[in-house]
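Naming: A, B, ... by sequence-line order, numbering from 1 per chain. These numbers come from the heavy atoms of this one structure, side chains and all, not from hydrogens, waters or symmetry mates.
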2 protein chains.
Amino acid sequence: MAHPTLEDVAARAGVSRALVSLVMRGSPKVGKERREAVLRAARELGYRPNMMARGLAAGRTGLVGVLLADLRDPWCAEVHEGLADEAVRRGARLLLTTGRGRAARERAALDDLLGLRPDGVVLASPGMPAADIERAAAGCAVTVVGRSVRSDRVDCVTGDGAAAVRLALAHLADLGHRRVACLDLGPRPSPLRRACPPDAVATAPDEPWRAPEPPTAVLALGDPTGTAALTALLRAGRRVPDEVSLIVVGDSPGARAARVTAVASPAAELGSRAMAVLLDRISGEAPAAGRRDTVPPRLDERDTTRALSLGRREDAPDLRQ
Amino acid sequence: MAHPTLEDVAARAGVSRALVSLVMRGSPKVGKERREAVLRAARELGYRPNMMARGLAAGRTGLVGVLLADLRDPWCAEVHEGLADEAVRRGARLLLTTGRGRAARERAALDDLLGLRPDGVVLASPGMPAADIERAAAGCAVTVVGRSVRSDRVDCVTGDGAAAVRLALAHLADLGHRRVACLDLGPRPSPLRRACPPDAVATAPDEPWRAPEPPTAVLALGDPTGTAALTALLRAGRRVPDEVSLIVVGDSPGARAARVTAVASPAAELGSRAMAVLLDRISGEAPAAGRRDTVPPRLDERDTTRALSLGRREDAPDLRQ
DNA sequence: ATGAAAGCGCTAACAT
DNA sequence: ATGTTAGCGCTTTCAT
């Protein structure tokens with residue numbers, strides 16, 4: 001028998017379907033004897049409850065759908081880590097889909113998810129049109145992570161990039177650094193630029209060193225810029241952190257592995273908070289309006305930042321904002 | 001109406017449920033006029049087919065479950081890329097779950113997946129017990145990627161690590177390198193070691209340089225070792241590739257970004273082949289016995305390997321195997 | 001081309 | 001404590 005049903009189990013155990021159903025859902029009001037007979041029959045048959053049938057009949061599935069923009073993005077992976085941790089803690093079952101960077105795929109993935117009638121969905125997809133999100137929210141609880149959506153049926157959990165930049169600049173200032181270059185090597189300008197001192201922003205690794213007074217510290221905007229900056233500095237023969245300190249806004253496995261000092265809102269925490277918010281709403285313990293939750297950035301001091309030696313200090317203005 | 005049903009659409013369009021069902025599944029035998037009326041009603045109502053009901057009634061779901069060992073592992077992410085590409089091409093819908101490295105979680109994740117009665121599942125989980133895999137195969141088509149399982153109801157798609165090491169060694173030999181150190185920096189010995197010349201294996205970055213004759217090339221076993229090796233070499237002041245060539249067995253975004261020469265069976269191809277094999281079996285076009293498919297390694301020559309300069313060549317034995 | 005009717009496997013409210 | 005029954009939303013014959 002490929003897929004034994006409740007009825008098969010009931011027949012084998014010599015009881016009614018309903019009794020088996022109760023046992024499978026762990027009801028306390030079943031005699032120990034019968035319960036064990038049912039469990040044994042189920043095991044012998046290799047019975048596995050059919051979630052489709054269960055969901056249909058019960059009107060809810062116990063499923064939480066998760067849409068991740070791109071699995072290859074470490075940030076997404078880490079958000080998922082937090083989501084999954086909290087889900088396990090609270091007994092929710094997660095189903096993932098991804099759009100892999102393409103808007104059309106993302107829509108399709110979300111549709112697939114919603115077709116399964118999950119009790120809620122978490123959207124970790126920076127680019128999805130707000131209208132799609134709103135549409136999804138008509139059918140089930142929706143929490144968006146990593147961005148903010150103006151809607152009162154959607155909850156949002158976000159980090160704070162500007163605060164992260166401020167924290168990084170403050171840390172460098174504490175270490176005595178006054179000449180800090182903000183490196184942004186990405187193909188598109190990083191939104192974090194707006195939080196940097198305008199004339200400190202450079203878009204090529206060696207650009208800051210063409211100035212009469214080279215920086216004593218580099219603030220890299222985003223993970224990719226961070227790793228690129230580190231190898232560029234090393235290749236250019238600049239000693240890190242002796243000669244120049246490096247701090248990255250945005251943490252990633254790469255920065256961690258290379259022991260680069262970083263500051264970011266921990267993605268895993270974004271995830272776990274998002275899941276908590278979602279499950280609260282599903283169980284009806286949430287305020288009616290859309291909640292928004294901001295996770296503060298955290299500094300991970302590792303091996304690429306160091307206090308400026310006294311001899312090199314100067315009285316230039318503190319870049320801290 | 002939170003979740004309009006087929007019946008609601010039928011009522012609004014002034015037709016029968018069956019007709020709506022046909023239209024939703026794109027049947028050709030519906031008059032253009034009625035079809036459009038139905039489609040319009042569906043759109044106006046925000047109708048979305050209920051996959052649960054559909055799956056229950058139809059006996060198959062059109063769903064393919066994917067179990068990924070760990071999202072943070074770039075290899076898994078890339079396998080998924082291949083899976084998803086092929087799935088899109090052939091019209092399958094993917095649902096992911098992960099065990100995040102823990103065996104118990106993995107079992108639970110697989111159970112969740114199987115409870116949804118997918119038409120098939122892809123298992124990208126090196127550590128899962130063969131018995132669990134076999135059990136899953138009792139209920140639906142199963143393809144395992146990245147490892148081999150002895151079972152004739154399971155299809156396997158794997159890479160070939162030993163061939164990758166041989167290819168890497170051959171490439172270095174072609175470049176004139178005779179003294180090659182095989183670096184294995186992982187916490188556990190890499191299985192790839194068995195494919196290396198035994199006395200060439202080192203477990204610390206600088207170990208090879210303590211020998212009287214330092215290597216002219218380094219072969220790193222695995223991605224993590226690869227990136228660790230690169231930064232270690234640079235930090236030690238060894239010029240790459242002028243002074244020493246570096247080749248990594250096992251490709252990853254990190255190696256790609258750092259432009260490290262690498263050789264590996266492309267994970268995306270493992271994925272797409274696995275999906276192809278699975279869908280073939282689902283549609284019944286597969287041989288009865290378990291298929292096994294081996295994807296050959298590929299060399300990605302980037303910036304960390306270089307031919308040994310003539311002056312440094314010597315007549316030591318070729319390490320190629 | 002269209003409609004009617006019988007389930008798919010399960011839950012939940014009810015009856016015993 | 002246990003059995004009965006009426007659906008959940010859909011697909012799929014089978015009639016018309």
Start with the C-alpha gap between B:Arg17 and B:Ser21, add the side-chain angles, then the distance that decides, and say whether side-chain hydrogen bond (donor to acceptor under 3.5 Å, both in side chains) holds. CA-CA 6 Å; B:Arg17 287 188 343 184; B:Ser21 174; over 6 Å; no
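Note on A:Arg48 versus B:Asp111: salt bridge recorded, some NZ/NE/NH1/NH2 to OD/OE distance being below 4.0 Å. Under a 4.0 Å N-O distance rule, the pair A:Asp155/A:Arg273 does not qualify as a salt bridge. Using a 4.0 Å cut-off between a side-chain N of Lys or Arg and a carboxylate O of Asp or Glu, A:Arg60 and A:Asp119 do not qualify as a salt bridge. Ion pairing between A:Glu78 and B:Arg72 fails under the 4.0 Å rule for side-chain N and carboxylate O.
Note: NZ (A:Lys32) to C1' (D:dA1) measures 17 Å, nearest angstrom. The nearest whole Å value for the distance from the CG atom in A:Leu116 to the C1' atom in D:dC8 is 16 Å.
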Taking protein heavy atoms under 4.0 Å as touching, what does nucleotides 8-16 of chain C look like 5' to 3' if B marks base contact, S marks sugar-phosphate-only contact and - marks none? BBBBB----
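Considering A:Thr97, A:Leu71, A:Leu95 in turn, A:Leu71 is the only one that fulfils the side chain to side chain contact (heavy atoms under 4.5 Å, CB included) rule with B:Leu96.
Note that the two end axes of the helix from C:dA1-D:dT16 to C:dT16-D:dA1 enclose an angle of 40°, each drawn from 5 base pairs, rounded to 10 degrees.
Contact annotation: the side chain of B:Asp293 never approaches that of B:Thr158 to less than 4.5 Å [non-hydrogen atoms, C-beta and beyond]. The closest side-chain heavy-atom distance from B:Arg147 to B:Met128 is below 4.5 Å.
B:Gly59 comes within 4.0 angstrom of nothing in the nucleic acid, heavy atoms only.
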